[in-house]
Each structure stands twice: as C-alpha cells, then as structure tokens.
Amino acid sequence: MGPALKIGLIGLSAALAIGLSAIATGLAQSKIGSAMAGAVAERPELVGSAIIMVAIPETMVILGFVVAFLITALKSAE
Amino acid sequence: MIEKMAKVEILGLKDIAIDAIDVIHDLGTLHIEDLSERIGSMETKRVTRMEMDPKFAEHEATLNNLRAKVGDMIRELQPDTDNMPHEEVQNEYKALWSDNIEVMISRVEKMLREVERDTKDTVERKADLLVELSRLEKYAPIMAKVQPLAERVSKMQDMASIALIIERKYKAILNYLNEEISKITGGECEIIAQDVDDESTAALIVFNRRYLKQVHEFLAVQDVNQVRLPSDIAKKPIDEAVGEVRARIAQIPGEIDEIDRKLAGVTGRYSVKLIATRNAIHDRLEAMDAVPKFAQTDQIFIISGWLPEPEVSPMESALADKFGNKVILTVVDVREEHGEEETPVSLHNNPFTRYFEILYMLSKYPRYGTVDPTIVFAFFFPILFGMMVGDMGYGLIIMVAGWIVHKKFSQKPMLNMIGFVLTIAGAWTIFFGVIYLEFFGDWIYKWLGLLNEEGELTKYILGTKNSIFKWPLDRIEGFTFMLAVCMIIGWVHMCIGLVIGMINGHREGNYKHAIEKGGLFLVLTGAMMGIAKFGMAWWPTALAYVGILLVLGGLVMAGYGAGFGGAIEGVVGMGNLFSYARLIAIGLASVIMANVANEILREPPMSGFAGLLVGIIMFILLQALNIVIGVFSPSIHSLRLHLVESFGKFFEPAQVRYEPFKKTGGEE
C-alpha cells in the first residue's frame, strides 16, 4: 500500500467516524427535539428536561470526534 | 443539605379554629397536609372536613371580585413593582389588614372607589383611543386602495358604492356577489377588487343608486365585512376622509401619551396601595382556601402538617401564648407515621452553595432522607465548565458578564443565581486558561514564540515535549493526555455519585441498594485500572488484572443488589466513563475555532486596509460566536454530566417541596 493511499484511507476513516456519528446524532436529535417541543408546548416547565434530553445523543458525535481525532493523531505519529 | 422536618398535629376547640388558623398563617412556617383524603378513608364519620362558616363563604365571593378589580387596575396602571419601597407596601398592608373580614372588605372597597374616581375617565378615554387607532390603522390602507375608484364613482350622481374587505383566501366569493348583485340591479353593477396585503382584499361594489336598499339588504345577510368608518368621517367625500383618517392616526398616539402622563401621576399615588391590597386579598383568600384541608369533629378542629424542626418551639409558644391549653400541638414521629416520600423537602445550604440550587429549576428536589447533592454540583459544575472553555480571555468576559447579571438582577432569583454561577464558572475558565495558556486562542503561544513555522508547539515554559507534566498544556497536542485526565475526573465524579448512593441506601436501611452501588463503584474502579494499562505503558500488568477482578466482583455485587438490572447498570456505567470525553472534545472544537479567527486576523484574505478591516470584523464575529457557544454548550454538557452520569447513580426525586402556609406580608 502506497503512503498516499494510506494517508487517504486514514483521512477517510476519520471522516467516516465523525460523519456517520454526526448523522446518527442529527437523526436522534430531530426526533427527540420535535417530541420535546411538543411536550414543552403543553407543559412549559419541562423546558429544562427538554434541553438535557436533546443534548443526550450528542455523546455519539462527541465520541465520533474523539475517534476521528485519534485516527488523525495516528497519522501524524507516523 | 435537606432541612430536618417535624410532622405536627394541632388540635383545638372548634370555636377558636379561625383564630388559630390566623396565628399559624402569621407564623408562616407550617406546610399544610390536606387531610381530606385521610378523612375519606376513615371508618368513623365523627371526623369531617372543616367547613367554612356560610358568612365567610359569602365574603370569599366578594374578595374574589375585589381581587379581579384590583388585578384589572394594576394591569391598567402598570405600577413599577421592582422599585417599590417594601416598607411602604408593608405599612399599607398592615393598615388594610384586619382580623374582621368585613372591616377589611370595606377598607379595600373605599380604596378602590378612590382609585376609580381618579382614573376611570382617563382609563376609558385611553381604551377608546386604542380601539379607534386600531380600527383606523386597519382601514387606512383599504381606503387608500379604493380611493381613486371611489372618487370617480362620487362624480357620477346616479351611482352608489360600497367598500368591502375580504380575506384573500375567500376572494372567490366576489364572483358570487357579482352574479347576485347583477341579478338585483339588472346588470347595472361592477365589482373592482385589489389586494391590500397578504391577508386581505379590498373590493368596491359600484351600482345604480336606485338599488341601494336592496343591495344593502342582500349584503346584510352575507358574511362579508363592509368598511364602516366613524360616522363623522363616513359622511365626507372619500379623499377628505382618507386625509382625516391619516391625520387621526398621526394624532392619536400623542393623545395616548398625554393620558399616560396623567395616569403616571395617579399610578405614583396609588401603586403602593394597589400592590398592598392585592397581597392582602391574596393572603385572606389563601387562608380561606386552606380551611377544607383541615378536619373537625363536633367539638374540635385538627390541623396537620410539617415544619422545620427549629420552628416547632416558636409555633408551640405562639399557640400557647394566645390560646393557653385550648390548642395543643403534638409532634408526630415522621418515620413511624408517614413515609418519607410525602414529607415536603426544604433545602438549607450555605450562602455560596445556595446559588447552585438553580439546579432544581431543572429537576425536582432530592427526596427527604437522602443526601442533598447541591454541594457536589456547586463544586463540579464550574470546574467541568471551566475545563471545557479553558481560555483566560473568554473566562474574563464570562466572569464579568456573570457578575453584572448577578448584581443587576438581585431581585430576580433565577437571573441572580445564573449570574453567580457564571461568575464562578468564569473564574475556573481563567484557571484552566492559565493551564492551557490560551487567551482568545493561541495569542500567547505566538507572542512567546512557542510554536514553530507549521504552528506546532515545540517549546515549553516548564518541562519538555516528552514530559508527562508540562506547561503550557496544549489541548491539540496533548489530546490523549487530556482524554485520560477527563476520564479520571469522570471516574471521581461518578464515584462520588455512587458513594452518595451507598449512604442513601444505608440511611433508608436498604442494604441491597447500598451493595449495588458498592458493586458499581468496584466496576468503575476496575475498569479504570484496566483502561490505564492500554493508555500508559508503565502501568503494571498486575494492576490491570486486579482491575479485571474488581470488575467481575463488582458485577456480581451489583447483580446481587439489584438483580440483572444491576449487572446491566455496571456495563452502562463503564460506558458513562467515556461520556466524559466531551470535556476535551468540546473544548478542542472551541480552541480550533478561536485559532481560525486569529489566523484570519493575522493573515487576512485580502491585502491592504480592506483586508485588515475584513480580518478584524471576521475576528470579532467568530470570537463573539465562540464565546456564545462557549457559554451555552459547556453549560448544557456540564449539566448533563451531572444529571445523567453522576446524579443518575443515586438521585431520588422528592414528591413535594416545602411550601409553608404564610402571608405575603405585602411582598408577594
């Protein structure tokens, strides 16, 4: 495997790690967000819980970001 | 900490019940228990719900009417309640208050008559002007549209016209009107329509004057709005009418301002009285509303409730002083008679920690008998926040802004608390900013020449590239080290939650619960020991094996304590550790954005003055955006780490908050 291909694959892996987790987070947040918006319209006192609920799926993209960063660090370590 | 509560029952002779309720209301420390449910489940019919004297019920209706009137007046006069002197309100409240309801009602009515006398005409005139203004503003654009046509019609002696306004979505009705009016007038009519705005269409029906009556009759039974102007304007030719409408629209705001100035004078005179009256009526009605929650027999009344333990003696003395042995207060042992679930919770924290009770605006209070975690939140929230933002410049801005909000909104509890929490969080942001040596990004690195040409950190103030502990700690270069630090902080944070869980289990005598939490503690500790082996080559292999044993032992303990769910919880707990990676991930995103803003300023996209200007604008915009995100996102994530990862291990919500039955004292 040539070095250019290797760097390319490492870059692609990092992009997939952050990209796929971002899509997953987006999908989850869209569902939670719309449900919580409905709930808050009925019971405004739920706004605090709503913010926390919407933030919960962000763990996926954050971990995706960490993995992507570690993958690129792997590249620079070489 | 959660204040220790005492459950009390107050019994006394029925004929002094109202006086006793008044004393309790004055003291304002008793959280009333609604006895109606207990009475319903009793076999004996001797104990019933306390009923109000029919005479009092009549007064209740009068007081409700008076409350509505006072509310209307406050809405109309809009007194400045924020800057109202509390002493004056209290004095006015005392002057109004009387143990005799009839006396109090007559005082309130007298005061309302005075206010009405001085404001009625002005308030009515203002309401009329507002209605007139809104009607004219609605019709002015319609008249402007139909004016050219109407002018032509007015020159034709035998023709008449009627202006209509129709919702645009029902515009098709014009065809129907045209057909029907054509039938009435034998074809001598025409409808001209023009859209006024996105929602309405103006139409002018022109027809032979002979059919005026029939057309009016026809339109009267149709559901269409005719443009009806004030009678004095309607009689005038349309061009004159349009001019007058515009003149009135310009004139009315001035008249309203004049009325507002007059009202402001009256408001100043009566605002304290109105607020004191509102509070006094509120207190009186609250006392009446409480009556059905009490119980009675033929001879005695029974009041039950909770109050903080130090408040028992003052209440006992107050009742004894006033009623002697006609009223008795008995302390009931909470643990024996009632579950802790229904005990109301009151928090009593030190002045510093009290600001962090803002947490309970998002969550319920902790259950009575468990540990209040406010101090954990007060300690960790600002640290986690500061760790994520970690920039001296941002920290300074957050701290100053927080302090200003805290001071400016001293009367608004929520903003006051947010301001204080941000001030402390800002201080920790500066602390971590010093560790990362960040000041609006990488400026200090550049000034001290710590970076090479590729922008990589090559020089350190303390230590070298290969040292474990070095300063500055660059978040980009030291990512893996920071990741380990975040997990250690996560482990400490979650373990504190588990220790509290064990204490709660012990306090409740639920030892299986305590064993489960202890098991989870071992799982987390073992997992950390295992993970350390992968992260640090020097970590002894033997300790990694000990870690694995701890995980297995912990899973068994958690399983014993809480069954299969406990074992699952152990696995989830290990996952929770990785959730703390957000502490570095969010900060890293922020520092990269700050560096991009700096780079744009240092190397603007264009040369010359224009480039510098664009660079400065971009720098300010990006840094401002980063600060806003830097406040919002770390707050949410720090909160989440508390509510989900740490408090999720032990927190049991309270069903009821301590809300004593008390008078506003003129400070509602």
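Everything numeric in this text was worked out from a predicted model, so none of it was measured. Sequence lines set the chain letters: A, B, ... in the order given, protein chains first and strands last, and positions in each chain run from 1.
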Item checked: Within 6.0 Å of CE in M53(A), more than 12 heavy atoms from elsewhere -> no

Check: Would you call F65(A) and I586(B) a side-chain contact if the rule is heavy atoms closer than 4.5 Å?
Finding: no

Next item on the list: Looking only at non-hydrogen atoms, find the nearest pair between V66(A) and A585(B) and report the distance.
Entry: CG2-CB, 4.0 Å

Notebook entry, point to check: With a 4.5 angstrom heavy-atom cut-off, which part of F479(B) approaches chain A: side chain, backbone, both or neither?
Noted result: side chain

Note to self: Under a 4.5 Å cutoff for heavy-atom pairs, which residue among I56(A), L63(A), I51(A) has the most contacts with chain B?
What the structure shows: I56(A)

Polar contacts chain B-chain A (donor-acceptor, d < 3.5 Å, no H, no angle):
| from | atom 1 | to | atom 2 | distance (Å) |
| --- | --- | --- | --- | --- |
| R582(B) | NH2 | T59(A) | OG1 | 2.5 |
| H637(B) | NE2 | E58(A) | OE1 | 2.5 |
| R640(B) | NH1 | I56(A) | O | 3.0 |
| R640(B) | NH1 | T59(A) | OG1 | 3.0 |
| R640(B) | NH2 | T59(A) | OG1 | 3.3 |

Item checked: Under the side chain to side chain donor-acceptor pair (under 3.5 Å) test, residues paired with N626(B) that sit two or more places apart -> Y394(B)

Next item on the list: Please report the closest heavy-atom contact between A55(A) and I636(B), naming both atoms and the distance.
Entry: CB-CG2, 3.4 Å

Check: So what's closer than 4.5 Å to chain A heavy atoms on I584(B): side chain, backbone, both or neither?
Finding: neither

Margin query: Just so I understand: if I count every heavy-atom pair under 4.5 Å between each of I52(A), L46(A), V47(A) and chain B, which residue has the most?
Written below: I52(A)

